[in-house]
There are 2 protein chains.
Amino acid sequence: MLTERQLMILKAIIRLFTESGQPVGSKKLMAELPVHVSSATIRNDMADLESVGLIEKTHSSSGRVPSMQGYRYYLDHLMQPATLNPVDVATVQQSFGQHYHKIDEIVSQSANILSNLTSYTAITLGPGVAEVRLTGFRLVPLGNHQVMAIIVTSAGTVDNQVFTIPQAISGDELEKAIRLINDQLVGLPLTVVSQKLKTDVPVLLAHYMASPTGFLDIFDDVLKKASQERLYVGGQMNLLNFSEFDDVTQLKSLYNMINQSDDLAKLLNLSPEGANSKVQVRLGAEMANDLLKHYSLMTVNYDVGEHGQGVIALLGPTSMPYSRMIGLLDLFREELAKKLIDYYANLDDD
Amino acid sequence: MLTERQLMILKAIIRLFTESGQPVGSKKLMAELPVHVSSATIRNDMADLESVGLIEKTHSSSGRVPSMQGYRYYLDHLMQPATLNPVDVATVQQSFGQHYHKIDEIVSQSANILSNLTSYTAITLGPGVAEVRLTGFRLVPLGNHQVMAIIVTSAGTVDNQVFTIPQAISGDELEKAIRLINDQLVGLPLTVVSQKLKTDVPVLLAHYMASPTGFLDIFDDVLKKASQERLYVGGQMNLLNFSEFDDVTQLKSLYNMINQSDDLAKLLNLSPEGANSKVQVRLGAEMANDLLKHYSLMTVNYDVGEHGQGVIALLGPTSMPYSRMIGLLDLFREELAKKLIDYYANLDDD
DNA sequence: TTTAGCACTTGATTATAACGAGTGCTAATT
DNA sequence: AATTAGCACTCGTTATAATCAAGTGCTAAA
């Protein structure tokens, strides 16, 4: 079992490592800890913390660095409820003070403000999108190599798009494909649909048609029209601030992923607890995606009442100052919702 | 005056430096030159080339590197007409072989293909946009803090957008502002209008209204709607391939510029010679913009007959293999035009 | 004009030593 | 039993010097 002091040490290590980026040694800790104990004692405690896997050495005689499990433990049990920085509050409120013409302006601006404030990469999803579900899908052959795809969402929106397709597809094939899609996808949130479209559906569809690719492209396209347009990324280039420079290829892949709304939607997967869930932190190793191994993703839902809810997310290094970040995200959750509710209210005035 | 051999040496230096990225010395040149002369002779010739400013040393005992003027001279007088690489031709034609649903898909794909093929950053402007001019501008107060901005273009398109504005602006002020804008901007290409909106107009407008900013935003917004949407960038992240890593700030600024359509439009400034102009190369120092100092921008127009023309551009380091790049751009100019003409033809079939 | 030869310059590479921050362990202290 | 001082040891980092390699300019001969 861990002692009070050992936990205090873990906390200090995490704080100091986040501030300096350097491994933390026993001397430095001695100077920083509120209680006075000798460096030898701290070393003993650190040995214990290491033996349970909460901290690590970078080499045999180096200071300690928090491990993945160390961060997880910190996030789950140790972290103080955020202490809001008044400068940040002022900045955010001032940034939101402007007048906006469109909803999307507000949402995308949020991503920009947040990324500026943090020097990380921010992602925002417009309200309503997170839990909008697919309620219907139609594919209407118009003859002359043209097909109209129509999708209906639970938000009541209807999007359509006309496509020209290379080979005529038989009405029979279309019929089956449509039924399959309706069976498999209707009722699911658009984000999930978009995701399944890449994984399950192609396999199933392969039974009915030779090359389902063209078909899927069409579907994907109109789906994008209904959802993707409301996904915003701010500060992509901040990746450069918190990434290792040595592997340009990996950096490029990450960048591509971030700008590919399908992949991104997959990440933002609405948090299960609904509207008033707390800020979620997912550490790299917990996310399956190899590209994110050394990063950390924080997400939080915001709630605009009848207009649905959206997501605010922050992508940064594993060693973020979580306390401040959580405070910021909570602040944003509130301010963005307020601003949007305001906006909707003004609309109704007309 | 420069001798035949000296020019041959300049050419070889440019080629070798582009291939290796290293300063070129007299021994290396001796091995590469078609005629046999001693390294001492080459050294003498290089001294001459340096004295007229076509090449430079990086330090007192280093090999030579082409200077800005060296590149300019090479481009204007020395470069061979491009020799088309059959592999490139095949790749391009295959990439264009797919079926596309929308014009913009074709245009944006072009940017992607071109950037992949070159490892540089490619920019494409959809057809018609380059020489579309502003033919009319109206601003209609609708009461209730709302204003409709309408812009009419020489292509016959009418775009409109409704805005809510903070303080009511007096009709008188509006009147004057509209007149000013009509006087100053009507008749100019949209790209130029967008540019002037950042420079000249704010100054002029300041005479009539206290804070022209909000006003300009509106105008800018609807202008974007009419033009920006057709500007595509491919391979932004390729910047990482050909940029110095040491200055992250500068890299970010460049990235922002590339993704800000106003700035970008300014760069692509339709080439004066119209439809069938040759590929233009502008070297960093020639572009005024400090961020581009170490880069080079190649542009070429493509022509889609009655549907207007567009621009293809390539941003890379100063030391690009220009011969191949010019060949590629010429190829793209042709293939993209062909594909678009095809597309328009199919549309008319319906 | 061209070329061989040579002294000289300079950045890059390598080797070596010295340094510094840190650890674990032992023995003494509280 | 917990804490601490002391010390030998590890290992990455920094500093210094030595060597190397690629290149130049210049002089004198061909």
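A note on names: the letters A, B, ... follow the listed sequences, proteins ahead of strands, and every chain is numbered from 1.
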What are the two closest non-hydrogen atoms of [X] and [Y], and how far apart are they?
{"X": "B:Leu254", "Y": "B:Leu291", "value": "N-CD1, 4.0 Å"}
{"X": "B:Ala12", "Y": "B:Leu33", "value": "CB-CD2, 3.9 Å"}
{"X": "A:Phe17", "Y": "A:Val24", "value": "N-CG2, 3.8 Å"}

Please give, in whole Å, the distance from [N] [atom2] to [X] [atom1]?
{"X": "A:Gln6", "N": "D:dA2", "atom1": "CD", "atom2": "C1'", "answer": "12 Å"}
{"X": "B:Asn44", "N": "D:dT24", "atom1": "CG", "atom2": "C1'", "answer": "11 Å"}
{"X": "B:Leu16", "N": "D:dA22", "atom1": "CG", "atom2": "P", "answer": "16 Å"}
{"X": "B:Phe17", "N": "D:dA22", "atom1": "CZ", "atom2": "C1'", "answer": "16 Å"}
{"X": "B:Arg43", "N": "D:dA22", "atom1": "CZ", "atom2": "P", "answer": "15 Å"}

Quiz item: Mind checking whether B:Met325 and B:Met298 have side chains closer than 4.5 Å, heavy atoms only?
Solution: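 With C-beta onward as the side chain, the pair touches.
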Practice problem: Report which part of the nucleic acid A:Ser62 touches: base, sugar-phosphate, or nothing (heavy-atom distance under 4.0 Å, all strands). | Solution: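 Counting heavy atoms under 4.0 Å across all strands, the contact made by A:Ser62 is with sugar-phosphate only.
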Exercise. Kindly point out which of D:dT24, D:dG12, D:dT3 is positioned nearest to the side chain of A:Thr41?
Key: D:dT3
Self-check item: Short side-chain N/O contact to D:dA2 OP1/OP2 from A:Arg5, under 4.0 Å
Solution: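 Negative; the distance criterion is not met.
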Practice problem: Take B:His36 and A:Ala47, find for each the nucleotide of DNA chain C with the closest heavy atom, and name the residue whose nucleotide sits nearer the 5' end. | Solution: B:His36
Quiz item: Where along residues 22-33 of chain A does a heavy atom fall under 4.0 Å from DNA chain D?
Solution: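 Contacting residues: none.
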Quiz item: Do A:Glu19 and A:Arg15 meet the salt-bridge criterion of a basic N to acidic O distance under 4.0 Å?
Solution: yes
Quiz prompt | For chain B, the stretch of DNA chain C it reaches, first to last nucleotide, under 4.0 Å of its heavy atoms | solution =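 Contacts span C:dT2 to C:dG11, reading 5' to 3'.
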Quiz item: In terms of ring plane angle, is the pair A:Tyr120 and A:Phe242 parallel, tilted or perpendicular, where the classes change at 30° and 60°?
Solution: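 Judged by the thresholds at 30° and 60°, the geometry between A:Tyr120 and A:Phe242 is perpendicular.
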Quiz item: Side chains of B:Ser296 and B:Tyr322: donor-acceptor distance under 3.5 Å anywhere?
Solution: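 Looking only at side-chain atoms, B:Tyr322 and B:Ser296 do form a donor-acceptor pair, the distance falling under 3.5 Å.
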Quiz item: If you take atom types as modelled and just measure distance, does the side chain of A:Ser60 reach the base of D:dT10 with a donor-acceptor pair under 3.5 Å?
Solution: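 By the distance-only test, no, there is no pair.
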